[in-house]
Amino acid sequence: MNIGAAAKAAGISVKIIRHYESEGILPKAKRTDSGYRVYEENDVHIFRFVKKARELGFSLPEVKRLLGLWRNKARKSEEVKNIANKHIAILDQKIQELEAMKSALQQLARHCHGDHRPECPILDELALE
């Protein structure tokens, strides 16, 4: 199938396929004599794998590592679990940071009158040095 059909089957864009190929996440596609990329069902399966991993927030290097482990039938699941656990720790840290940001903004919003007056504690706080 061509790149457009493969992208549609995997639920991703053509641009993403090209990007992942250029980053080395995906192997270079086979080409026709006229230079068009050609994909098989297995390639679409790999695209879906990458899409799901990215939706879970894995970085491109992590996705590349996970793909390598997925392809390696002699892998140890311990390594996969370690990657997942490290990612969970990063997500937990981001959640804490987002909760702190949300709390600070809620506090500022509670003190803003939100009326016709120009005074605004939200802007005052942002302007502080």
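Please read these numbers as outputs of a predicted model, since none were measured by experiment.
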Participant: Leu91: which other cluster members, linking ILVMFWY side chains closer than 4.5 Å, directly or transitively?
Facilitator: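 For Leu91, no cluster forms, as it stays isolated from other hydrophobic side chains.
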Participant: Hey, quick one: are Leu66 and Ile90 part of the same hydrophobic cluster, counting side-chain heavy atoms closer than 4.5 Å, chains of contacts allowed?
Facilitator: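 Unlinked, Leu66 and Ile90 end up in two clusters.
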Participant: Checking His111 side chain against Gln107 main chain: does a donor-acceptor pair fall under 3.5 Å?
Facilitator: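 Flag set: sc His111 to bb Gln107 pair under 3.5 Å.
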Participant: Could you pull out all residues at least two apart from His113 that satisfy side chain to side chain contact (heavy atoms under 4.5 Å, CB included)?
Facilitator: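 If we apply the side chain to side chain contact (heavy atoms under 4.5 Å, CB included) test to His113, skipping adjacent residues, the hits are Asp115, Arg117.
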Participant: Answer yes or no: is there an ion pair linking Glu62 with Lys86, defined by an N-O contact shorter than 4.0 Å?
Facilitator: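 No.
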Participant: Under 4.5 Å between side-chain heavy atoms, hopping through other hydrophobics if needed: is there a path connecting Ile16 to Tyr36?
Facilitator: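 Different clusters.
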Participant: Under 4.0 Å between a Lys/Arg side-chain N and an Asp/Glu carboxylate O for Glu40 and Lys30?
Facilitator: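 Yes, Glu40 and Lys30 are salt-bridged.
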Participant: Once side-chain hydrogen bond (donor to acceptor under 3.5 Å, both in side chains) is applied, do any residues pair with Glu125, and if so which ones, sequence neighbours excluded?
Facilitator: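 Partners of Glu125 under the side-chain hydrogen bond (donor to acceptor under 3.5 Å, both in side chains) test: none.
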Participant: What pairs of residues pass the side-chain hydrogen bond (donor to acceptor under 3.5 Å, both in side chains) test when at least one of them lies in residues 65-84, not counting sequence neighbours?
Facilitator: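 Non-adjacent pairs meeting side-chain hydrogen bond (donor to acceptor under 3.5 Å, both in side chains): Arg65-Glu79.
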Participant: Give the minimum heavy-atom separation between Val14 and Gly4, together with the two atoms involved.
Facilitator: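 Closest approach of Val14 to Gly4: CG2-CA, 3.9 Å.
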Participant: Can you name the nearest heavy-atom pair linking Ala29 to Glu21, along with the distance?
Facilitator: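 What the structure gives for the nearest pair is CB-OE2, 3.5 Å.
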Participant: Linking I/L/V/M/F/W/Y whenever their side-chain heavy atoms sit closer than 4.5 Å, directly or via other members, would Met101 and Leu105 fall into one cluster?
Facilitator: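 Different hydrophobic clusters.
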Participant: Ignoring hydrogens and angles, tell me if any N or O in the side chain of Lys51 forms a donor-acceptor pair with the backbone of Ile12 under 3.5 Å.
Facilitator: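 Pair absent, no side-chain N/O of Lys51 close to backbone of Ile12.
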Participant: Quick test of your reading: applying ring-ring contact (aromatic ring centres under 6.0 Å, His included), list the pairs with at least one residue in residues 74-103, sequence neighbours left out, ordered by first then second residue.
Facilitator: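 Applying ring-ring contact (aromatic ring centres under 6.0 Å, His included) to every pair that reaches into residues 74-103, excluding sequence neighbours, yields Phe58-His87.
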Participant: Go through the structure and list residues passing salt bridge (charged side-chain N to carboxylate O under 4.0 Å, His left out) with Lys8, not counting sequence neighbours.
Facilitator: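 Counting only residues at least two positions away or on another chain, Lys8 forms no salt bridge (charged side-chain N to carboxylate O under 4.0 Å, His left out).
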Participant: Out of curiosity, Ile17 CD1 to Ile25 CD1, how far, rounded to the nearest 0.5 Å?
Facilitator: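 Answer for the CD1-CD1 pair, Ile17 versus Ile25, is 14.0 Å.
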Participant: About how many Å separate CD1 of Ile46 and CD of Glu41, when rounded to the nearest 0.5 Å?
Facilitator: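 Separation between the atoms: 11.0 Å.
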Participant: Would you say Val38 ends up clustered with Val44 if hydrophobic residues are merged whenever their side chains have heavy atoms under 4.5 Å apart, either directly or through other cluster members?
Facilitator: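 Shared cluster, no.
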Participant: Closest heavy-atom contact between Arg31 and Gly35?
Facilitator: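 Shortest heavy-atom separation between Arg31 and Gly35 comes out as NH1-O, 2.7 Å.
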Participant: Ignoring hydrogens, what is the shortest heavy-atom contact between Ile3 and Arg37? Give both atom names and the distance.
Facilitator: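 Closest heavy-atom pair between Ile3 and Arg37: CD1-CD, 3.6 Å.
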Participant: Side chain of Arg18, backbone of Ser13: donor and acceptor closer than 3.5 Å?
Facilitator: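 No; judged by distance alone, with no hydrogens or angles, the pair does not exist.
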Participant: State plainly whether one hydrophobic cluster holds both Ile88 and Ile83, where clusters connect Ile, Leu, Val, Met, Phe, Trp and Tyr through side-chain heavy atoms under 4.5 angstrom apart.
Facilitator: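 Unlinked, Ile88 and Ile83 end up in two clusters.
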